[in-house]
Number of protein chains: 2
Amino acid sequence: MANDAGVRRSSMREVARAAGVSVSTVANVLSRPAIVAPETRRRVEQAIRHMGYVRHGPARQLRGLPSPIVGSVILDLANPFFAELNRGIEDRLAEAGCLVLACSTDLQPAKERQVLDLLEEQAVRGVIIAPIGPDPAVLLEMSRRGTPVVLVDRPRDGLDLCAVGVDDVLGGRLAAEHLLSLGHRRIVYLGGTFETGTVIRRREGVRQAMRAAGLDPDDLLIDLRLPIHPPPLVEAAAAGVQQILAERPLPTAVLCLNDTAALGVLHGLGVAGVKVPQDISVVGYDNLAFAAGLAPALTTVNQPKYQLGRAAADLLLDEARPDHAHREIRFRPSLVIRASTAPPRRA
Amino acid sequence: MANDAGVRRSSMREVARAAGVSVSTVANVLSRPAIVAPETRRRVEQAIRHMGYVRHGPARQLRGLPSPIVGSVILDLANPFFAELNRGIEDRLAEAGCLVLACSTDLQPAKERQVLDLLEEQAVRGVIIAPIGPDPAVLLEMSRRGTPVVLVDRPRDGLDLCAVGVDDVLGGRLAAEHLLSLGHRRIVYLGGTFETGTVIRRREGVRQAMRAAGLDPDDLLIDLRLPIHPPPLVEAAAAGVQQILAERPLPTAVLCLNDTAALGVLHGLGVAGVKVPQDISVVGYDNLAFAAGLAPALTTVNQPKYQLGRAAADLLLDEARPDHAHREIRFRPSLVIRASTAPPRRA
DNA sequence: CTGAAAGCGCTAACAG
DNA sequence: CTGTTAGCGCTTTCAG
């Protein structure tokens, strides 16, 4: 049977009439039950239950109450890194009775613009965003117009916004230092054809580590770029193995932009008969759930994904307070050494 | 600097005043630009841009326009199965200019209730839900009160709602038939301490396959249950390996409730020095991105996750049409044979 | 083609 | 303690 479009939610007025009281009494029962006479309240509550009455959020919002909805605008919700981050956001917001409107931008600026517009129209409580590009103008305007914005995975850079992130330069440095200390001197950095600030900053960290070791990054580091978006990254990475193996002299280690890419590389190397870590070491990034379960277990850089999300939600909720001051929260990544890295063959 | 709570969005009235026209003209420029004189429209548009005016969604909703927001209530957004399903929902809805409010219930009925209430209060366009329990009463009421509900991963069973799902019984059967035809006669079914209908139905499919082969499920099948929720499933599964290895006679194959559990089992078996598939065969479920990349590559049952989501969104959007009739869409799972299954040692 | 006016469902004074 | 009232910002007839 068709869902009759004629069904209309009952309004307070109807409840009031049914209970023989005025609308404001119904409103009181809902918002400040204590001030209503027990008997009246009982009658009203019964009417509410009986008619299946449900408050109308948009009308309340129109009266000036804050929306319980927060937008979360990220690169791709199906990417486990963001999925976990988003769970952090969700859980923290739930504690405050709020809900998450999650949007994936797939690295497309047009999509980002579109969802931001939609979110602002919905008059959400605020937006948590991992922005695609470096230009914060739109975000600043949104914030100025009254929709608070919290940046994720992008440094605050003195902007008039809150921000939460991980020290990406440090992350890159940790990974590189590990490989350098094992003796690797020919390292592939597997990035993407379109790179976000995160990946760029990590590469900078890698180069920094090399310079600090008295080595020349331009000699050691081989930049390879995978088409990351439409095609499944695992497969792109598996295919990228050809390029790695074509380099001469053969690299002895690969730093991957994330664990998913590392998974693909591991697979591709396996198919090509290259042993990890004996022939080539592989390092991932993110420390996703499957990383420890791979064979060999993946050495990777851990990011506090869930905590990042919680922190972002914290900051966003704090924006509602009158004494709120924008600030930045920065987490530290950490290296997780497992079995996919070892000294190079003849070091 | 604190985000001044005093910032208020400008309203149509203000835009109208600035452009020297009436509110309804502004409204017309926004909703039916064609009927406004070019010169007037230009003036209004300029005022809009100039003041950074943004329509107020809740007010429009109050006037009767449909909300662009759809709720998605699922077990856990960080679970890759649901994350991908949700992307299907998101992408399909985006085509219709709609947004997804995604909520995880973590198998807790109380949470489910709570988000459903919140969603209904927000007067969302509809709700897509993978319900925890078998009792559809709340959902039916919601639907009756005017918030359309689409079921995911739960058969329609003649309910007055739309539903989309996968044939779970068939999925279980496919996995079991594969193992039986390889000669396995001692199979562990690794389920959860709290099981959703999906997992229960799959087990039924497994038993069906055994009966069809003239075998007694009670002889062949060993039921093992993992605590799935709070603890990370990978680790729970790795720990569960102890139980598997304690069975006598030793099982020759393990059917896991999903790929994540299979990952844990693979890892646990590796640590215990048990060879897969030589000593024990392992089958997953879902065919997640990492399944093909594991060593050994995981034999698993594929579910069309993304398509499920799209179909659910399709149905939900269709609810708005006056001639909508509730219906069910059922997908077929398929077996993906990879390297983690083989005949038992001495068959 | 443009403007005036009614009212969606609710909250928050305020008066009784 | 309960009722009356005035909008919140918008869409939508309906007159001009």
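Remember, it's a predicted structure, so these values are computed and weren't measured experimentally. Each chain gets a letter, A, B and so on, in the order its sequence line appears, and its residues count up from 1. Computed from heavy atoms alone, side chains included, the values below leave out hydrogens, waters and symmetry copies.
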Electrostatic pair [X]:[Y] at N-O distance under 4.0 angstrom:
| X | Y | answer |
| --- | --- | --- |
| B:R310 | B:D314 | no |
| B:E39 | B:R42 | yes |
| A:E84 | A:R87 | no |
| A:E141 | A:R144 | no |

Next on the checklist: I want to check something: taking the side chain as every heavy atom from C-beta on, are B:L101 and B:L118 in contact at a cut-off of under 4.5 Å?
Outcome noted: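 No - every pair of side-chain heavy atoms lies 4.5 Å or more apart.
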Checklist entry - Is a donor on one side and an acceptor on the other found under 3.5 Å between the side chain of A:R154 and the backbone of A:G197? => result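 Absent.
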Checklist entry - Does B:R92 use its side chain to pair, donor to acceptor, with the backbone of B:A312 at less than 3.5 Å? => result no
Item to check | Pair A:S67, A:Q122: side-chain N/O donor-acceptor within cut-off below 3.5 Å | outcome: no
Item to check | Divergence of helical axes at both termini of the helix from C:dC1-D:dG16 to C:dG16-D:dC1 - five pairs an end, 10° steps | outcome: 40°
Next on the checklist: Expressed as a whole number of angstroms, how long is the span from B:R17:CZ to C:dT2:C1'?
Outcome noted: 19 Å
Checklist entry - Starting at CZ of A:R145 and ending at P of D:dG9, how long is that distance when rounded to a whole Å? => result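 Distance check: A:R145 CZ to D:dG9 P gives 16 Å.
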Item to check | nucleotides 8-16 of chain C: protein proximity per nucleotide (B base, S sugar-phosphate only, - neither; heavy atom, under 4.0 Å) | outcome: BBBBB----
Checklist entry - Counting just side-chain N and O atoms, does A:S22 come under 4.0 Å of either OP1 or OP2 of D:dG3? => result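 Yes, within the criterion.
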